[in-house]
Amino acid sequence: MGLVALGVGIATLSPAYIDFGDGNYLYIAWRMSQGAQLYSDILSPQPPLHLHIGAALVWLGERIGSAVITVRFALVLIHILTGWLIYRLARAWDFG
């Protein structure tokens, strides 16, 4: 299932559509990657670690060609990791 999710995730990577949520996170992460200080230069209700990771991904993505694709690829990997962790938890809690 992880390979299927990875295949679908990679096949659907596209910078073509950015919704409000993605746009908000990407804008704040981009500003931080340009040197803006969180909560003093730019306000955000999101937790700081989330945005610092986003800023690092944007910084990396700008150097390898596409910040949007880099962030979205990282999200695909996070989704697969989350699914694997839930699977492992369900196996550990097997009541059968």
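In what follows, residues are counted from 1 in the order of the sequence shown.
Atom CD1 in I69 sits 13.0 Å away from atom CG in L57 (nearest 0.5 Å). For the atom pair CG of L26 and CZ of R72, the computed distance is 7.0 Å after rounding to the nearest 0.5 Å. Remark: S66 OG to L60 CG distance equals 11.0 Å, nearest 0.5 Å.
L75 and M32 fall within the same hydrophobic cluster, defined by Ile, Leu, Val, Met, Phe, Trp and Tyr side-chain heavy atoms under 4.5 Å apart, directly or through other members. Hydrophobic clustering of Ile, Leu, Val, Met, Phe, Trp and Tyr side chains at less than 4.5 Å, counting indirect connections, unites I53 with L51. Linking Ile, Leu, Val, Met, Phe, Trp and Tyr whenever their side-chain heavy atoms come within less than 4.5 Å puts I42 and L49 in one cluster.
Not counting sequence neighbours, the partners of T82 by the side-chain contact (heavy atoms from CB on, under 4.5 Å) test are I78, I86. In this view, Q34 and W30, E62 satisfy the side-chain contact (heavy atoms from CB on, under 4.5 Å) rule, not counting sequence neighbours. Not counting sequence neighbours, the partners of V76 by the side-chain contact (heavy atoms from CB on, under 4.5 Å) test are L6, L13, I80. Take Y27 and apply the side-chain hydrogen bond (donor to acceptor under 3.5 Å, both in side chains) test, not counting sequence neighbours, and it matches R31. Partners of T70 according to the side-chain hydrogen bond (donor to acceptor under 3.5 Å, both in side chains) rule, which considers only residues two or more places apart in sequence or in another chain, do not exist here. Listed by chain and number, the residues in a ring-ring contact (aromatic ring centres under 6.0 Å, His included) with H52 amount to none (sequence neighbours excluded).
Between A55 and S33 the shortest heavy-atom distance is O-CB, 3.6 Å.
The list of side-chain hydrogen bond (donor to acceptor under 3.5 Å, both in side chains) pairs with a residue in residues 36-45, not counting sequence neighbours, reads S44-Q46. Listed by first then second residue, pairs satisfying ring-ring contact (aromatic ring centres under 6.0 Å, His included) with a partner in residues 64-86 number zero, not counting sequence neighbours.
Atom CZ of R63 is surrounded by more than 12 heavy atoms from other residues, nucleotides or ligands within 6.0 Å.
Residue L3 belongs to no hydrophobic cluster, having no ILVMFWY side-chain heavy atom closer than 4.5 Å to its own.
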From CA spacing to verdict: side chain to side chain contact (heavy atoms under 4.5 Å, CB included), L81, L77: CA-CA 6 Å; L81 178 62; L77 294 179; over 6 Å; no
